[in-house]
A.B. asks: 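Structure provided below as structure tokens; questions to follow.
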2 protein chains.
Amino acid sequence: MDPRFLRTFVRVARLGSFSEAARELGYTQSAVSQHIAVLEADVGAVLLRRRPVAVTEAGARLLEHAEPILLRLDAARADVARVAAGPPSHLRIGATPLAVAFACELVAPALSVTVRVGARNEIARAVAVGELDHGVVDGVAAPSDPLRLPETGTPVAAFTEEPLAVAAPLDHPLSGHAIQMEVLVDARWIDAPGICAPLPELSALARADGFRAALTYEGSDVNGLLALVAAGHGLALLPERALDGRVAALPVIQPTLVHRTEWL
Amino acid sequence: MDPRFLRTFVRVARLGSFSEAARELGYTQSAVSQHIAVLEADVGAVLLRRRPVAVTEAGARLLEHAEPILLRLDAARADVARVAAGPPSHLRIGATPLAVAFACELVAPALSVTVRVGARNEIARAVAVGELDHGVVDGVAAPSDPLRLPETGTPVAAFTEEPLAVAAPLDHPLSGHAIQMEVLVDARWIDAPGICAPLPELSALARADGFRAALTYEGSDVNGLLALVAAGHGLALLPERALDGRVAALPVIQPTLVHRTEWL
DNA sequence: AATTATTACGTTCGACGTAATGATC
DNA sequence: GATCATTACGTCGAACGTAATAATT
């Protein structure tokens, strides 16, 4: 199970084509075909159905492992590179939108810095493989529960946990009341996966299916989201701290969930 | 970073000897030396100091990643082998001591079965790499928090959470009272790592350092442990269900911890 | 001197490309 | 017939063993 073969397998599976994968990886068709053949011989099972190319059951199992393995290999290389290189002169940090403020505090003012804002998993990945020196990511979790990040072995250097609140229009009937999330399962929600917990994840955490998006906000700007809420387009779950006078805050008391920020 | 090289690196690091590692792996000294040399050239850092052999800082970083990677590779192979083989005629299951009862319920009576009892991580590992078909493991965790098992991608099929209690001699002054763990930081504890949470892990979970073992119980037999408790040798944290009339049960209410059992 | 790691060198195996063949839309 | 995967084959590199060498104790 040479990692190179796993890499081409992943690519072929994703693209659904040997030739496409070959092009992207800089191999010939033939080489890709051989990679898959060797891999199949090695594990003793057919991994791909051909024409059209689609993963078999066995292939799906392998695929679930292959990506984390490849990620971890990159993380390993990056980690030894870090100790070999010593402290960087130019600091590259990343953060999720709601964590940018924290990330900036990280930085000694004099230092040369670049900041990347991105999705949680993307930041975590980038830190793991050494594209970034540090990252600050946030999300919704049960108290003292770590965020579910890709398994890279990156240690959590520090974290905070803050109360969550549902942002609602000022004239909302429950305005100011502490609430149980279940009460609002059937409300009009704004799904803002770029900012806070996407609704499907929230459903899992709250163990209550049915949070459905009336509107999906693709931006990563909290002000825009708050404006939408204030205008009555729907509700959004956010850290209480992120809310301002434009919206009503409905503190969440049930289930016990917190807004967690982790330093990587 | 050929996995074979990682494997020999791990072996060399653990054994502190190239020659020993060569013997165990069925290579020549020379081959092992070359493996390490290639690996060092690949990552661009010295991984081992020689004579005596000891991992460098960079080597330590790599080592942290190498073992999970190799485990996951084995898990991948095992997973595709499972779907290729179909349902096994002979069922091999594993369980931690406190989970054996649950594990037995898994088994359709007619079936041919072997049961292995072992430590939590060992059972999880064995399930991941296909030595066992299923496993049931238990441990202490925050509510709805999964057990911290080696990262193998093995899904948790089901779980239960039960209240925890401190087992104490019948004449214990707090007998029958619900208690906060902190009250008992300085008590005489029996560390029984083979049965429930080892004390260091408990300290981490309770966020209160200082749980120190007055006695370490190396067995995996709950009755023996309860006898020790009843005889006044110390306290032990166990699922309430596991306690019997010989000892007093002090239900734990703070911090909120549960005894969690997971089916793998 | 004995043990242990490294280096030199030869062999073998395997990864890859080129090119021909076979399958599928 | 065009696209795409497989097979055949030749080349080059690299993984390994043998054996000689260097370094520690």
Side-chain angles (χ1 to χ4, degrees), chain A residues 1-60 62-63 66 69-70 73-74 76-77 80, chain B residues 1-60 62-63 66 69-70 73-74 76-77 80:
Chain A
M1 296 224 297
D2 190 313
R4 287 175 298 172
F5 298 166
L6 286 180
R7 203 168 55 112
T8 92
F9 171 64
V10 169
R11 237 5 186 286
V12 171
R14 272 214 297 259
L15 295 172
S17 158
F18 283 55
S19 342
E20 269 296 303
R23 253 187 298 280
E24 291 200 3
L25 294 170
Y27 289 122
T28 58
Q29 286 187 19
S30 165
V32 170
S33 182
Q34 290 174 56
H35 283 191
I36 304 299
V38 170
L39 210 50
E40 290 184 327
D42 182 13
V43 303
V46 179
L47 298 171
L48 295 166
R49 249 183 294 280
R50 327 293 158 99
R51 285 185 242 269
V53 172
V55 295
T56 62
E57 174 65 20
L62 181 58
L63 206 54
I69 289 170
L70 293 172
L73 279 164
D74 289 341
R77 169 167 281 112
V80 320
Chain B
M1 297 224 294
D2 190 312
R4 287 175 299 171
F5 298 166
L6 287 180
R7 203 167 56 112
T8 91
F9 171 64
V10 169
R11 242 358 191 288
V12 170
R14 272 214 297 261
L15 294 171
S17 159
F18 283 53
S19 343
E20 269 296 302
R23 254 188 297 282
E24 290 200 3
L25 294 170
Y27 288 122
T28 59
Q29 286 186 16
S30 166
V32 170
S33 181
Q34 291 175 54
H35 283 190
I36 303 300
V38 170
L39 210 50
E40 289 183 329
D42 182 12
V43 303
V46 178
L47 299 171
L48 296 167
R49 249 183 295 279
R50 327 293 158 100
R51 288 186 242 266
V53 173
V55 294
T56 62
E57 173 64 20
L62 182 58
L63 206 53
I69 288 169
L70 293 171
L73 279 164
D74 289 342
R77 169 168 279 112
V80 321

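Being a predicted model, the structure only gives us computed values, none of them experimental. We name chains A, B, ... by the order of the sequence lines, and we start the count at 1 in each one. Heavy-atom basis, side chains included; hydrogens, waters and symmetry copies ignored.
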A.B. asks: For residues B/Arg4 and B/His35, report the shortest heavy-atom separation together with the two atoms involved.
C.D. replies: O-ND1, 4.3 Å
A.B. asks: What's the CD1-P distance between A/Ile36 and C/dA15, to the nearest Å?
C.D. replies: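 It is 13 Å, rounded to the nearest whole Å.
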A.B. asks: Where is the tightest heavy-atom contact between B/Val46 and B/Thr56, given as atom of each residue plus distance?
C.D. replies: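 Heavy atoms of B/Val46 and B/Thr56 come nearest at O-OG1, 2.7 Å.
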A.B. asks: For A/Val53, which of A/Leu15, A/Leu48, A/Ile36 qualifies under side chain to side chain contact (heavy atoms under 4.5 Å, CB included)?
C.D. replies: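 That would be A/Leu48.
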A.B. asks: Which letters describe nucleotides 16-25 of chain D, given B = protein heavy atom under 4.0 Å from base, S = only from sugar-phosphate, - = neither?
C.D. replies: BBBB---BS-
A.B. asks: Which residues in residues 14-24 of chain A have a heavy atom closer than 4.0 Å to any atom of DNA chain D?
C.D. replies: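 Per residue number, the list reads A/Ser17, A/Phe18, A/Ser19.
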A.B. asks: Send over the distance from A/Phe9 CZ to C/dA15 C1', rounded to a whole Å.
C.D. replies: 20 Å
A.B. asks: Report for the helix from C/dA1-D/dT25 to C/dC25-D/dG1: angle between first-end and last-end helix axes, five pairs each, rounded to 10 degrees.
C.D. replies: 30°
A.B. asks: For the residue pair B/Met1 and B/Leu6, what are the closest heavy atoms and their distance?
C.D. replies: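 Shortest heavy-atom contact: O-CD1, 4.3 Å.
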A.B. asks: Would you check, one step at a time, whether the test side chain to side chain contact (heavy atoms under 4.5 Å, CB included) holds for A/Val38 with A/Asp2?
C.D. replies: CA-CA 10 Å; A/Val38 170; A/Asp2 190 313; over 6 Å; no
A.B. asks: For a quick test of reading the model: is some side-chain N or O of A/Ser33 closer than 4.0 Å to OP1 or OP2 of D/dT6?
C.D. replies: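 Checking D/dT6 against A/Ser33, a side-chain N or O does come within under 4.0 Å of OP1 or OP2.
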A.B. asks: Just to verify, what does A/Arg7 make a salt bridge (Lys or Arg N to Asp or Glu O under 4.0 Å) with, not counting sequence neighbours?
C.D. replies: none
A.B. asks: For the CG atom of A/Leu47 and the CG atom of A/Asp42, what is their distance to the nearest 0.5 Å?
C.D. replies: 9.5 Å
A.B. asks: Output the rounded distance in Å from CZ (A/Arg49) to P (C/dC25).
C.D. replies: 14 Å
A.B. asks: Would a 4.5 Å heavy-atom cut-off, applied to side chains only, mark B/Leu62 and B/Leu39 as touching?
C.D. replies: yes
A.B. asks: Give every residue pair that meets the salt bridge (charged side-chain N to carboxylate O under 4.0 Å, His left out) criterion with at least one member in residues 24-35 of chain B, sequence neighbours excluded.
C.D. replies: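 Residue pairs with at least one partner in residues 24-35 of chain B: B/Arg11-B/Glu24.
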A.B. asks: Who are the salt bridge (Lys or Arg N to Asp or Glu O under 4.0 Å) partners of A/Arg23, not counting sequence neighbours?
C.D. replies: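 Per chain and number, A/Arg23 pairs via salt bridge (Lys or Arg N to Asp or Glu O under 4.0 Å) with A/Glu20.
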A.B. asks: Can you measure from CZ (B/Phe9) to CD (B/Glu40) and round to the nearest 0.5 angstrom?
C.D. replies: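 One finds 8.0 Å between CZ of B/Phe9 and CD of B/Glu40.
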A.B. asks: Please report, rounded to the nearest Å, how far the C1' atom of D/dT7 is from the CZ atom of A/Arg50.
C.D. replies: 13 Å
